Amino acid sequence: MNNTIKNIGGKEKLVIAVTDSGLGGLNVVPRLEKLFSGSKAVKEVELIFVNALLHPSMGYNRMKNMDEKSMVFNSVLEGINEWYSPDLLLIACNTLSVVYEHTKFNKNPLYPVIGIVDAGVDLLLEKMGDGNSIGIILGTPTTINGGAHKQKLIKAGIEESRIITVPCPMLESEIQSAPGSDEVKRMIADYAGTALKEVSTNKRIYPALCCTHYEYSLKAFENYFLSTGFDYEIINPNENLTVNLNSFFSENKYEQTQVKIQVVSKNEILKEDIESLYPILEVNSYKTAMALRNYELKPDLFEVEL
């Protein structure tokens with residue numbers, strides 16, 4: 001993967017696509033903007049966020065099986081290539097990072113792809129070096145049932161007994177609509193509380209937010225775990241997804257880097273979703289927040305028949 005990134009490191013202009021099954025991964029875009037604006041390693045970078053939903057009422061976690069999920073996402077990947085020919089794609093979505101491994105595109109990718117699962121696993125491995133800690137992986141049913149985080153941790157030497165996985169049905173949808181709502185707080189308490197029943201209070205816990213949407217409700221997660229009395233540290237893989245790019249784009253070649261940001265979606269994005277996320281995004285990137293508000297509706301972004 002690093003060699004692939006290295007091959008694009010010397011370009012003057014870059015097109016980087018970021019995708020998610022919804023708007024959670026959009027919070028990765030400000031980190032990319034900061035990286036390129038600060039490094040001045042390229043003259044111009046275009047950041048394109050692609051909403052990979054086939055239909056607003058048919059998220060990937062509602063599709064009937066992995067074959068259906070991989071067929072749809074494969075069409076998204078081909079559409080990204082057809083319309084944008086990116087130099088790099090970041091899958092800012094744990095669900096789609098799991099699904100990606102099952103796509104035809106993965107066997108012969110037309111552009112380099114980095115998924116977020118490894119970002120979360122690497123952070124957990126950094127923290128779980130002692131034997132007295134527990135990793136709690138919170139994610140969508142597709143992410144949890146795929147088992148990628150757990151398998152990679154076990155392969156790296158973490159005992160299975162130190163890993164708890166928690167599927168959180170519909171939490172990402174509630175967060176996208178109202179990240180600070182009482183319903184989101186209730187769901188966090190219900191899902192995380194189930195996991196903590198299995199943990200001795202003398203254990204340090206590392207709850208891992210393995211859905212990019214969860215960062216929008218980071219304060220709610222913090223408040224919940226603070227109330228439990230456990231010694232804890234929240235793991236946020238969103239923070240780690242762009243870290244591997246730093247060494248390849250650290251040269252100060254230009255006086256400044258022009259950063260363009262665009263949001264595209266096959267389907268209409270609900271106005272209430274835009275308004276709920278806009279102020280959160282604006283704190284870190286006015287450009288990203290405005291790109292969401294002025295997103296491009298593109299019905300022909302990708303085509304698929306189920």
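Here the structure is a predicted model, which means the values were calculated and not measured.
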Item to check | Steps toward salt bridge (charged side-chain N to carboxylate O under 4.0 Å, His left out) verdict (Arg186, Asp182) | outcome: CA-CA 6 Å; Arg186 183 196 65 77; Asp182 289 341; over 6 Å; no

Next on the checklist: As a quick check of understanding, evaluate side chain to side chain contact (heavy atoms under 4.5 Å, CB included) for Leu218 and Leu209, giving each step before the final call.
Outcome noted: CA-CA 9 Å; Leu218 183 58; Leu209 309 186; 3.8 Å; yes

Item to check | Worked verdict on Trp83 versus Asp300 for side chain to side chain contact (heavy atoms under 4.5 Å, CB included) | outcome: CA-CA 10 Å; Trp83 292 108; Asp300 57 351; 3.4 Å; yes

Item to check | Worked check of side chain to side chain contact (heavy atoms under 4.5 Å, CB included) between Leu196 and Tyr224 | outcome: CA-CA 12 Å; Leu196 293 183; Tyr224 171 73; 3.7 Å; yes

Next on the checklist: side chain to side chain contact (heavy atoms under 4.5 Å, CB included), that's the test. Do Met170 and Arg62 meet it? Break it down for me.
Outcome noted: CA-CA 10 Å; Met170 300 305 296; Arg62 292 186 174 183; 3.1 Å; yes

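Between the side chains of Asp130 and Ser133, at least one donor N or O lies within less than 3.5 Å of an accepting N or O. For the residue pair Asn94/His149, the side-chain donor-acceptor check at 3.5 Å is satisfied. Between the side chains of Asn267 and Ser265, no donor-acceptor pair of N or O atoms lies under 3.5 Å. When only modelled atom types and interatomic distance are considered, Gln262 and Tyr84 share no side-chain donor-acceptor pair under 3.5 Å. Thr140 and Thr95 share a side-chain donor-acceptor pair at under 3.5 Å. Between the side chains of Tyr206 and Arg204, at least one donor N or O lies within less than 3.5 Å of an accepting N or O.
With values rounded to the nearest 0.5 angstrom, Ser70 atom OG is found 11.5 Å from Leu96 atom CG. Taken to the nearest 0.5 Å, the CG atom of Leu171 stands 7.0 Å off from the OG atom of Ser217. Separation of atoms CE (Met71) and CE (Met66) is listed at 13.0 Å; rounding is to 0.5 Å. Here the straight-line distance linking atom CG of Asn223 with atom NZ of Lys185 works out to 7.0 Å at 0.5 Å rounding. Taking NZ of Lys150 as the start and NZ of Lys152 as the end, the distance is 15.5 Å to the nearest 0.5 Å. Expressed to the nearest 0.5 Å, how far CD1 of Ile137 lies from CG of Leu153 amounts to 5.0 Å.
Ring geometry, Phe221 versus Tyr214: the interplanar angle falls from 30° to 60°, so the pair is classed tilted. Between Phe73 and Tyr100, the ring planes lie perpendicular to each other; the angle is over 60°, past the 30° to 60° tilted range.
Taking the side chain as every heavy atom from C-beta outward, Val113 and Leu88 never approach each other to under 4.5 Å. With contacts defined as side-chain heavy-atom distances shorter than 4.5 Å, the pair Glu275/Arg293 qualifies. At a threshold of 4.5 Å between non-hydrogen side-chain atoms, the residues Val42 and Lys13 do not count as touching. Between Leu89 and Leu77 there is a side-chain heavy-atom pair separated by less than 4.5 Å. When side chains are defined from C-beta on, Tyr232 does not count as touching Ile136, because their heavy atoms never get closer than 4.5 Å. Residues Leu124 and Ile158 form no side-chain contact, since every pair of their non-hydrogen atoms from C-beta on lies 4.5 Å or further apart. Within the 4.5 Å cutoff, the side chain of Leu281 has heavy atoms near those of the Leu292 side chain. Looking at heavy atoms from C-beta onward, Glu46 lies out of side-chain contact with Ile16 at the 4.5 angstrom threshold.
Grouping the Ile, Leu, Val, Met, Phe, Trp and Tyr side chains by contacts below 4.5 angstrom, directly or via other members, places Val121 apart from Val243. Linking Ile, Leu, Val, Met, Phe, Trp and Tyr whenever their side-chain heavy atoms come within less than 4.5 Å leaves Val283 and Ile261 in two separate clusters. Linking Ile, Leu, Val, Met, Phe, Trp and Tyr residues whenever their side-chain heavy atoms come within less than 4.5 Å leaves Met58 and Leu270 in two separate clusters. Hydrophobic clustering places Leu297 together with Leu277 (ILVMFWY residues linked when any side-chain heavy atoms are closer than 4.5 Å, directly or through intermediates).
Aromatic pair Phe105/Tyr111: centroids less than 6.0 angstrom apart.
Remark: the backbone N or O of Asn202 is paired with a side-chain donor or acceptor of Asn132 at under 3.5 angstrom. When atom types are taken as modelled, the side chain of Thr257 and the backbone of Phe36 share a donor-acceptor pair closer than 3.5 angstrom. Ser75 contributes a side-chain N or O that, together with a main-chain N or O of Glu303, makes up a donor-acceptor pair within less than 3.5 Å. Looking only at distances, a side-chain donor or acceptor of Ser37 sits under 3.5 Å from a matching main-chain atom of Glu33. With Thr103 contributing its side chain and Asn106 its backbone, the two residues share a donor-acceptor pair below 3.5 Å.
Counting all heavy atoms, side chain and backbone alike, Val117 lies closest to Ser97 at CG2-CB, 3.7 Å. Closest heavy-atom contact between Leu241 and Ile114: CD1-CG2, 4.1 Å. Contact between Cys93 and Thr212 at its shortest, heavy atoms only, is N-CG2, 4.0 Å. Shown here for Val76 and Tyr60, the closest heavy-atom pair between the two residues is CG2-OH, 3.7 Å. Closest of all the heavy-atom pairs between Asn51 and Leu301 is O-CD2, 4.0 Å. Minimum heavy-atom separation, Asp20 to His213: OD2-CE1, 3.5 Å.
In the displayed structure, Lys43 atom NZ is contacted under 6.0 Å by at most 12 heavy atoms of other residues, nucleotides or ligands.
With respect to the salt-bridge test (charged N to carboxylate O, under 4.0 angstrom), the residues Arg31 and Glu215 qualify. Remark: Glu12 does not engage Lys253 in a salt bridge, criterion side-chain N to carboxylate O under 4.0 Å. Here Glu255 does not pair with Lys40 in a salt bridge; the nearest charged N to carboxylate O distance is not below 4.0 Å. For Glu159 and Arg162, the salt-bridge test passes: some basic side-chain N is under 4.0 Å from an acidic carboxylate O. Classification of Lys69 and Asp67 as a salt-bridged pair fails, no side-chain N sitting under 4.0 Å from a carboxylate O.
None of Asn61, Leu138, Ile144 except one satisfies the side-chain contact (heavy atoms from CB on, under 4.5 Å) rule with Pro167; the exception is Ile144. Partner of Phe49 under the side-chain contact (heavy atoms from CB on, under 4.5 Å) criterion, chosen from Thr19, Leu23, Val264: Leu23.
Residues satisfying the ring pair (Phe, Tyr, Trp, His ring centres under 6.0 Å) test with Tyr191, not counting sequence neighbours, are none.
With side-chain heavy atoms closer than 4.5 Å counting as contact, directly or through intermediates, the hydrophobic cluster containing Met290 also holds Tyr278, Tyr286.
Screening residues 119-128 for side-chain hydrogen bond (donor to acceptor under 3.5 Å, both in side chains), with sequence neighbours left out, gives Lys127-Glu233.
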